[in-house]
Amino acid sequence: MKQITVFILALSFSLTAFSQVKITGIVSDNISVLPSANIIVKGTRTGTTTNFDGYFELEVNQKDTISISYIGYATKDVVIKNQKSVNTVLEIDNAIEEVVVIAGCIGRCRIGFTCCGVYCEIVNMYLDKTLEENQVKLYPNPSVTGYFNLKFLKNYKKVEIQVANMSGQIIQSKIFQNVNNVARLDLSKYASGIYILNIITDDERLPTKKAIIG
């Protein structure tokens, strides 16, 4: 009986080991790879992060689900079947679009649909300010590499970005022509810290952004 029990335990261990596979992959967006993205086996504490080239390796079991996430992007879940490689392209999250929808609903209170008076005006002023601040979204932020993407709500013929350090000194000035929603900013040669972005689009100044390296 003891020999049978040992045999069953050994067989069970062998089957578990056999079901484990090593997967590799690269995490990116539509522009470049994403270093320091998180890859977690759902329901466990097992996970890893991508390296500077967006590459990762992870031991998983068949039928495990891995969750891939990165700041500023929508999380993507992938079920492990027979694949040994999982190359994933993450999409920008929809936070900006959600704010637009909310503003459309609250806007009805201006004609007395759901609320009125001072409260309504305060709500609408807050949403208007939120929309103004979200005319441009900076991601990833913080950035490990010093590369940033700027997503605009609309297209512009000309976008000028002035980068200043915390002392107010302009250290970089960049002009982009015919920007279709997304522009790429390279601050990789600068030290870790906080930098201020002054953004002018078609002669309109947008709210400043803080870019964090490190």
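Start at 1 with the first residue, then count along the sequence.
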Is the ring pair Y73/Y139 parallel, tilted or perpendicular, if the boundaries are 30 and 60 degrees? perpendicular
Donor-acceptor pair, side chain of [X] and main chain of [Y], under 3.5 angstrom:
{"X": "S167", "Y": "Q169", "answer": "no"}
{"X": "D202", "Y": "K157", "answer": "yes"}
{"X": "D29", "Y": "L90", "answer": "no"}
{"X": "N61", "Y": "D64", "answer": "no"}
{"X": "Y70", "Y": "P35", "answer": "yes"}
{"X": "T50", "Y": "A37", "answer": "yes"}
{"X": "N87", "Y": "G25", "answer": "no"}
{"X": "S143", "Y": "P140", "answer": "no"}
{"X": "N141", "Y": "K210", "answer": "yes"}
{"X": "N181", "Y": "F152", "answer": "yes"}

Could you check whether any side-chain heavy atom of [X] comes within less than 4.5 Å of a side-chain heavy atom of [Y], counting everything from C-beta outward?
{"X": "Q177", "Y": "K158", "value": "yes"}
{"X": "K137", "Y": "L150", "value": "no"}
{"X": "I26", "Y": "F56", "value": "no"}

Distance-only polar pair, side chains of S67 and D77, donor-acceptor under 3.5 Å: yes
For Y190, is the OH atom crowded, meaning more than 12 foreign heavy atoms sit under 6.0 Å from it? yes
For K174, does the NZ atom have more than 12 heavy-atom neighbours from other residues, nucleotides or ligands under 6.0 Å away? no
Does a side-chain N-to-carboxylate-O contact under 4.0 Å join E57 and K22? yes
Check the hydrophobic clustering (I, L, V, M, F, W, Y; side-chain heavy atoms under 4.5 Å; chains of links allowed) and say if I161 and I200 are grouped together. no
Could you walk me through whether I40 and I66 pass the side chain to side chain contact (heavy atoms under 4.5 Å, CB included) check? CA-CA 5 Å; I40 303 293; I66 59 173; over 6 Å; no
Please lay out, stage by stage, how L58 and T24 fare under the test side chain to side chain contact (heavy atoms under 4.5 Å, CB included). CA-CA 7 Å; L58 186 62; T24 63; over 6 Å; no
